[in-house]
Amino acid sequence: MFDVRAYGAAGDGVTDDTAALQRAIDAALAGGGGRVAVGPGRYLVRPPGLRITGPVQLEGRGWAPARDPFPPAPAPTGSWLLCDTPGTTVVLLEVDPAPGRSPAGAAVRGLAVAHRQPGDTTGFRPLDYPAAIRLQPGCTDIVIEDLFLLNPTRGVEIGGAGAACGRILVRRLSGQPLSDGIVADGCYDLLWVDNIHFWTYWRWADGPGGVQHWIGTQATGITLYRCDNPMLRHVFCYGYALGLGLRQSESGTPHKVKLSDSDFDLCGTGVAVTGVGASGFDAHTFVNVSMQGPDEPDRENLGGFVVDGRSSQVRLALSNIAIYKFGGSGIHLAGSAVTAFIDNVFIQDVNLANGGAAGIRAIHGARARVGWQREIAVAHGGPETDGQVELALGLPAPPAPGPADGGLNGT
């Protein structure tokens, strides 16, 4: 155990504690690894930020939500890292080639992170901070958990061009990232994302040019680029322009994405597949997912679940899906050889922008196959389906109960 107070950290929110925190991390690295304890307090982190290159576990003592952790506001509960200098990554994990050291086995947990952002509510734009927690290419076997990201411009960034990442666990993240919550690229050996809650912790309802407008038109909760078999569950994003985006980078496209038990509430689009090529034979799988559009539907919005026309050869399996209150279609599929297999779907009050959108639309070479259980109600006279959509027909009637099957007549 390496206590940051023993290395000179003040934790008062005014003193620059960057060097003291790094001394504790370096002491743990020199000993082959260890736990760096960040006790309750406010620790100001400025350039160059904190750097972890070995099996160091940077651990706070937990947190409780707060809207203003910076002095002179009263100190919030728990262990806080504060950053007031744009261009600063608060915690960077990377491979150090000089001693041949890797951060495999490292963890960042039990901390709250806050950034100094503008107070302008008439033309808000977040400052240019990089990701608060950054995992460089080559990082493997890392745990990022139990963090409160109050108002970072970008929350957690994993990988990128270069050596592959793998076996990354991101769990129990709360907060209000302002442009990007989680971004992952080049994660070739499983990425686990569990229990994410991006909500209005910092600021909301602050006028047409404020934070609410910015997040609702510019921000994305989670973005996946080239990742193999990423597994996401228990994701909640509130008020974002896009809840989950699957996109293409120089490294490639996401493969076999799995999302379950998640909700995208008041989001412009719940899930969007944009510019993504073939996903392989295995489909992206979405199970027990609900999404609700914004209070003021955007006529330009394509819908709740969208595969745009730049995508091709994408296969989707959607089961137990609830979509309602979108300006466009409930499910919008476009692109060559895009195929969606849909079962147990509830679509209500889409086409709210009155642009003729359908409950389910499959155009420009896309196809959808919809199973037995479905309920589709489209506003303003929009069609239930449009394009190449096949609906299962002829649902057989169940047999009448009787003595043979233990029904009421057999009692």
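Computed from a predicted model, the values in this text were never measured in an experiment. Only this structure's heavy atoms are used, side chains among them; waters, hydrogens and symmetry mates stay out.
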**Prompt:** Within the distance-only criterion (no hydrogens, no angle test), does the side chain of Gln176 pair as donor or acceptor with the backbone N or O of Arg203 below 3.5 angstrom?
**Reply:** yes

**Prompt:** Any sub-3.5 Å donor-acceptor pair from Arg134's side-chain atoms to Gly159's backbone N or O?
**Reply:** yes

**Message:** Taking side chain to side chain contact (heavy atoms under 4.5 Å, CB included) as the criterion, tell me which of Asp386, Val338, Leu333 meets it with Ile363.
**Reply:** Asp386

**Asked** Is there side-chain contact between Pro118 and Phe124, with at least one heavy-atom pair below 4.5 Å?
**Response** yes

**Message:** Tell me whether the count of non-hydrogen atoms from other residues, nucleotides or ligands lying under 6.0 Å of NE2 in His234 goes above 12.
**Reply:** yes

**Message:** For a side chain to side chain contact (heavy atoms under 4.5 Å, CB included) check, start with the C-alpha distance between Leu173 and Leu149, then their side-chain angles and the critical distance, and finish with the verdict.
**Reply:** CA-CA 7 Å; Leu173 259 61; Leu149 307 177; 4.0 Å; yes

**Request:** Find out whether Thr274 and Arg310 are in side-chain contact, i.e. whether some heavy atom of one side chain is under 4.5 Å from a heavy atom of the other.
**Result:** yes

**Prompt:** Sub-3.5 Å donor-acceptor pair from the side chain of Asp12 to the main-chain atoms of Val14, do we have one?
**Reply:** yes

**Request:** Indicate yes or no for a side-chain donor-acceptor contact from Ser262 to the backbone of Ser260 under 3.5 Å, with no hydrogens or angles considered.
**Result:** yes

**Item:** Arg374 side-chain N/O to Ala392 backbone N/O, donor-acceptor pair under 3.5 Å
**Value:** yes

**Asked** Given the rule in the side chain to side chain contact (heavy atoms under 4.5 Å, CB included) test, do Val257 and Leu246 qualify, once you have shown the distances and angles that lead to the verdict?
**Response** CA-CA 9 Å; Val257 176; Leu246 309 185; 4.1 Å; yes

**Message:** Return the CD1 to CD1 distance between Ile347 and Ile323, rounded to the nearest 0.5 Å.
**Reply:** 5.0 Å

**Prompt:** Does some side-chain heavy atom of Trp192 sit less than 4.5 Å from a side-chain heavy atom of Ile168?
**Reply:** no

**Item:** Lys/Arg N to Asp/Glu carboxylate O, Glu145 vs Arg109, below 4.0 Å
**Value:** yes

**Request:** Identify the heavy atoms of Pro86 and Leu127 that sit nearest to each other, and give their distance.
**Result:** CG-CD1, 4.0 Å

**Asked** With distance as the sole test, does Asn351 use its side chain to make a donor-acceptor pair with the main-chain N or O of Val378 at under 3.5 Å?
**Response** no

**Prompt:** Which pair of heavy atoms, one from Ala66 and one from Pro76, lies closest together, and at what distance?
**Reply:** CB-CB, 3.7 Å

**Prompt:** Do the ring planes of Phe198 and Tyr240 sit parallel (below 30°), tilted (30 to 60°) or perpendicular (above 60°)?
**Reply:** tilted

**Asked** Using the ring of each side chain (for Trp, its six-membered ring), is His115 parallel, tilted or perpendicular to Tyr129, with breaks at 30° and 60°?
**Response** perpendicular

**Prompt:** Considering only heavy atoms from C-beta outward, does the side chain of Ile360 approach that of Ser329 to under 4.5 Å?
**Reply:** no

**Asked** If you round to the nearest 0.5 Å, how far is CG of Asp16 from CG of Leu82?
**Response** 11.0 Å

**Message:** Looking at Arg46 and Asp17, is any side-chain nitrogen of the basic one under 4.0 Å from a carboxylate oxygen of the acidic one?
**Reply:** no

**Asked** Any side-chain donor paired with an acceptor under 3.5 Å for Asp146 and Trp63?
**Response** yes

**Prompt:** Within a radius of less than 6.0 Å around CD of Glu390, do more than 12 heavy atoms belonging to other residues, nucleotides or ligands occur?
**Reply:** yes

**Asked** Quick one: side chain to side chain contact (heavy atoms under 4.5 Å, CB included) partners of Ser336, sequence neighbours excluded?
**Response** Ser312

**Distance in Å, Trp199 CH2 paired with Cys237 SG, rounded so as to fall on 0.5 Å steps** = 14.0 Å

**Exam field: side chain Gln212 to backbone Ala205, donor-acceptor pair closer than 3.5 Å** = yes

**Prompt:** Can you tell me if Thr53 and Arg101 form a side-chain donor-acceptor pair at under 3.5 Å?
**Reply:** yes

**Message:** Counting only heavy atoms from other residues, nucleotides and ligands, does the tally under 6.0 Å from CZ of Arg167 exceed 12?
**Reply:** yes

**Request:** With side chain to side chain contact (heavy atoms under 4.5 Å, CB included) as the test, would you mind laying out the steps for Val211 and Trp202 before giving the verdict?
**Result:** CA-CA 9 Å; Val211 173; Trp202 182 53; 3.5 Å; yes

**Item:** is_close_aromatic(Tyr201, Phe148), centroid dist under 6.0 Å
**Value:** yes

**Request:** Check whether any side-chain heavy atom of Ile144 lies under 4.5 Å from a side-chain heavy atom of Arg171, and answer yes or no.
**Result:** no

**Message:** Determine whether the aromatic ring centres of residues Tyr238 and Trp204 are separated by less than 6.0 angstrom.
**Reply:** yes

**Request:** May I ask you to test the Val306-Val271 pair for a side-chain heavy-atom distance under 4.5 Å?
**Result:** no

**Complete:** CG (Asp96) and CD1 (Ile52) are apart, to the nearest 0.5 Å, by 13.0 Å

**Request:** Take Asp3 and Arg5 through the test salt bridge (Lys or Arg N to Asp or Glu O under 4.0 Å) and record every step on the way to the result.
**Result:** CA-CA 5 Å; Asp3 192 321; Arg5 298 275 185 169; 5.6 Å; no

**Complete:** When rounded to the nearest 0.5 Å, the distance separating CZ of Arg51 from CD of Gln136 is 9.5 Å

**Message:** Does any part of the side chain of Leu244, heavy atoms only, come nearer than 4.5 Å to the side chain of Thr220, both counted from C-beta?
**Reply:** no

**Asked** Just wondering, are more than 12 heavy atoms of other shown residues or ligands nearer than 6.0 Å to NE2 in His213?
**Response** no

**Request:** Check Leu81, Val91, Val108, Val113 against Leu147 for a side chain to side chain contact (heavy atoms under 4.5 Å, CB included) and give me the one that passes.
**Result:** Val108

**Which atom of Arg42 lies closest to which atom of Phe70, heavy atoms considered** = NH1-C, 3.6 Å

**Check ion pair Arg172-Asp194 (N to O, under 4.0 angstrom)** = no

**Message:** Do Val95 and Pro103 have side chains that approach each other closer than 4.5 Å (heavy atoms only, starting at C-beta)?
**Reply:** yes

**Asked** Taking all atoms of both residues into account, what is the closest heavy-atom pair of Pro383 and Gly356, and its distance?
**Response** CD-O, 3.8 Å

**Message:** Tell me if a side-chain donor or acceptor on Asn288 pairs with a main-chain N or O of Asp261 at a distance below 3.5 Å.
**Reply:** no

**Message:** Hydrogens and angles aside, do Thr153 and Gln117 bring a side-chain donor and acceptor to less than 3.5 Å of each other?
**Reply:** yes

**Message:** Tell me whether Arg154 is salt-bridged to Asp128, with the criterion being a basic N under 4.0 Å from an acidic carboxylate O.
**Reply:** yes

**Item:** Pair Ile222-Val235, side chain to side chain contact (heavy atoms under 4.5 Å, CB included): steps then yes or no
**Value:** CA-CA 9 Å; Ile222 300 175; Val235 175; 3.9 Å; yes

**Item:** Heavy-atom pair with the smallest gap, counting every atom of Gly239 and Cys267
**Value:** N-SG, 4.1 Å

**Request:** Dump the intermediate steps for ring-ring contact (aromatic ring centres under 6.0 Å, His included) on Phe305 and Phe286, then the final yes or no.
**Result:** CA-CA 11 Å; Phe305 197 112; Phe286 300 84; 5.1 Å; yes

**Asked** Does a side chain donor of either Asp185 or Ser249 reach within less than 3.5 Å of an acceptor in the other side chain?
**Response** yes

**Asked** If you take all heavy atoms of Ala24 and Tyr7, which pair is closest and at what distance?
**Response** CB-CD1, 3.7 Å

**Pairwise distance CG(Asp26) to CG(Leu21) - rounded to 0.5 angstrom** = 11.0 Å

